[in-house]
Amino acid sequence: AYDAEFRGIIGEYLQRTEVDAALAEIPFRAGARILDAGCGSGRHIQSMPPGTSCVGIDTSVNMLKIAKSKLGDGATILVAADATQLPFRDKSFDGIISIRVLQHIMPQPAAIREFARVSKPGAVVCVLNYNSWTLHCLIKILRHGRLAALATRAFRKLLGPDSRSRLTRIHRDYRNDFNSLPELSRIFQEAGLRVITRKGSNVSGTWVLTNFWLAGPIERALPRALRSYLKWCDRIEQRFATQAPFNLFMDKVIVVGVRP
């Protein structure tokens, strides 16, 4: 399901504004050792420069198996681990990325402290998460609530337990904890990381299309217009991603810190 998000015209845009945007902050020097905290199916590692020495961790053994099948035998080590209790020695990595993972971790400060602990002096830590100061996150929070659970049960009774309708999957039965840019920056600072970059990502509003099942029809009906619009969004982000107050209200937040 995660990889499916990165297919099509909108998927290409998400690749640029999430994976590529985070990896651009990491110095991939010769001999550098990188940690992907929450590697999932291996998409982030696939996007790294060839030959990168990388360790990927995830709590899901099934996702690690998928990543292994995609990455094969190379310079990547995959480990089943919890980001709040990393099984690595102090000062082990030259760079750390974590993309759309922190929202699933409780408590979040414990994970960032672990990132700081296993980072070498001068190492770069980059975290991307959903921005809690957006309508998108408000809707996500509502989908985790009781009203969404009641609506889902009602539609399942109405349409039958075997229905594949999206109406029977409104409720999301897991917890998310999103961050604003100031909040995530504060967590970095409290963990002893010096914040060097605070920026936003994704001004397109394409989440409306993907959340309300319009992405496919729009991509098929208006591909050229959609591509032109997303290229315009790219230019807007290049100009304003680090500029306050614009960076405070983009769909995702990216904070980059350095271990002193």
What heavy-atom pair brings [X] and [Y] nearest, and what distance separates the two atoms?
| X | Y | answer |
| --- | --- | --- |
| H44 | V19 | CD2-CG2, 3.7 Å |
| G40 | A67 | O-CB, 3.6 Å |
| G192 | P260 | O-CD, 3.2 Å |
| L78 | L64 | CD1-O, 3.7 Å |
| S119 | V125 | OG-CG2, 3.5 Å |
| A111 | L102 | CB-CD1, 4.2 Å |

Supply the atom-to-atom distance [X] [atom1] to [Y] [atom2], rounded to the nearest 0.5 angstrom.
| X | Y | atom1 | atom2 | result |
| --- | --- | --- | --- | --- |
| E25 | I254 | CD | CD1 | 6.5 Å |
| L230 | R235 | CG | CZ | 11.0 Å |
| K231 | I236 | NZ | CD1 | 15.5 Å |
| T52 | D94 | OG1 | CG | 11.5 Å |
| I77 | I45 | CD1 | CD1 | 10.5 Å |
| C126 | F188 | SG | CZ | 7.0 Å |

Please tell me whether D58 and S60 have a donor and an acceptor in their side chains that are separated by less than 3.5 angstrom.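 No, no side-chain donor-acceptor pair sits under 3.5 Å.
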4.5 Å side-chain heavy-atom contact, [X] and [Y]:
| X | Y | answer |
| --- | --- | --- |
| R259 | L193 | yes |
| R156 | R153 | no |
| D251 | N131 | no |
| V101 | C39 | no |
| P182 | W133 | yes |
| L181 | M250 | no |

Is Y13 reachable from L222 through a run of I, L, V, M, F, W or Y residues, each pair having side-chain heavy atoms under 4.5 Å apart?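 The answer is no; the residues belong to distinct hydrophobic clusters.
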Hey, is the main chain of [Y] close enough, under 3.5 Å, to the side chain of [X] for a donor-acceptor pair?
| X | Y | result |
| --- | --- | --- |
| Q15 | F6 | no |
| T17 | S201 | no |
| S41 | I66 | no |
| E237 | V203 | yes |
| S163 | G160 | no |
| R198 | V255 | no |
| S132 | S180 | yes |

Taking 4.0 angstrom as the limit, do R43 and E18 come out as a salt bridge?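 Here R43 does not pair with E18 in a salt bridge, since their nearest N and O are not under 4.0 Å apart.
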So that I can tick it off, tell me whether D90 and R117 are bridged by a salt bridge, with the cut-off set at under 4.0 angstrom between side-chain N and carboxylate O.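 Answer for the salt bridge query: yes.
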Chi angles and distances behind the side-chain contact (heavy atoms from CB on, under 4.5 Å) call for M48, T76: CA-CA 11 Å; M48 293 181 186; T76 300; over 6 Å; no
Return the orientation label for the W207 and F212 ring planes: parallel under 30°, perpendicular over 60°, tilted otherwise.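 Judged by the thresholds at 30° and 60°, the geometry between W207 and F212 is tilted.
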Could you go step by step and tell me if L71 and Q46 meet the side-chain contact (heavy atoms from CB on, under 4.5 Å) rule? CA-CA 7 Å; L71 299 170; Q46 281 186 313; 3.6 Å; yes
Mind running side-chain contact (heavy atoms from CB on, under 4.5 Å) on V118 and R89 for me, showing each step along the way? CA-CA 6 Å; V118 301; R89 296 177 180 177; over 6 Å; no
Other residues, nucleotides and ligands only: do more than 12 of their heavy atoms fall within 6.0 Å of NZ on K70?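 It does: K70 NZ has more than 12 such atoms within range.
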Not counting sequence neighbours, which residues clear side-chain contact (heavy atoms from CB on, under 4.5 Å) with A215? List them please.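 In terms of side-chain contact (heavy atoms from CB on, under 4.5 Å), with neighbours along the sequence ignored, A215 is linked to I10, L209, T210.
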With R100, the side chain to side chain contact (heavy atoms under 4.5 Å, CB included) member among N176, V127, L128: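 That would be L128; it is the only one of N176, V127, L128 passing the side chain to side chain contact (heavy atoms under 4.5 Å, CB included) with R100.
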For the pair R186 and E183, evaluate side-chain contact (heavy atoms from CB on, under 4.5 Å) and give the outcome as yes or no after the intermediate values. CA-CA 5 Å; R186 175 180 54 77; E183 178 190 19; 3.6 Å; yes
Apart from I141 itself, what residues make up its hydrophobic cluster, given side-chain heavy atom links below 4.5 Å?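 Members besides I141, by chain and number: Y130, F178.
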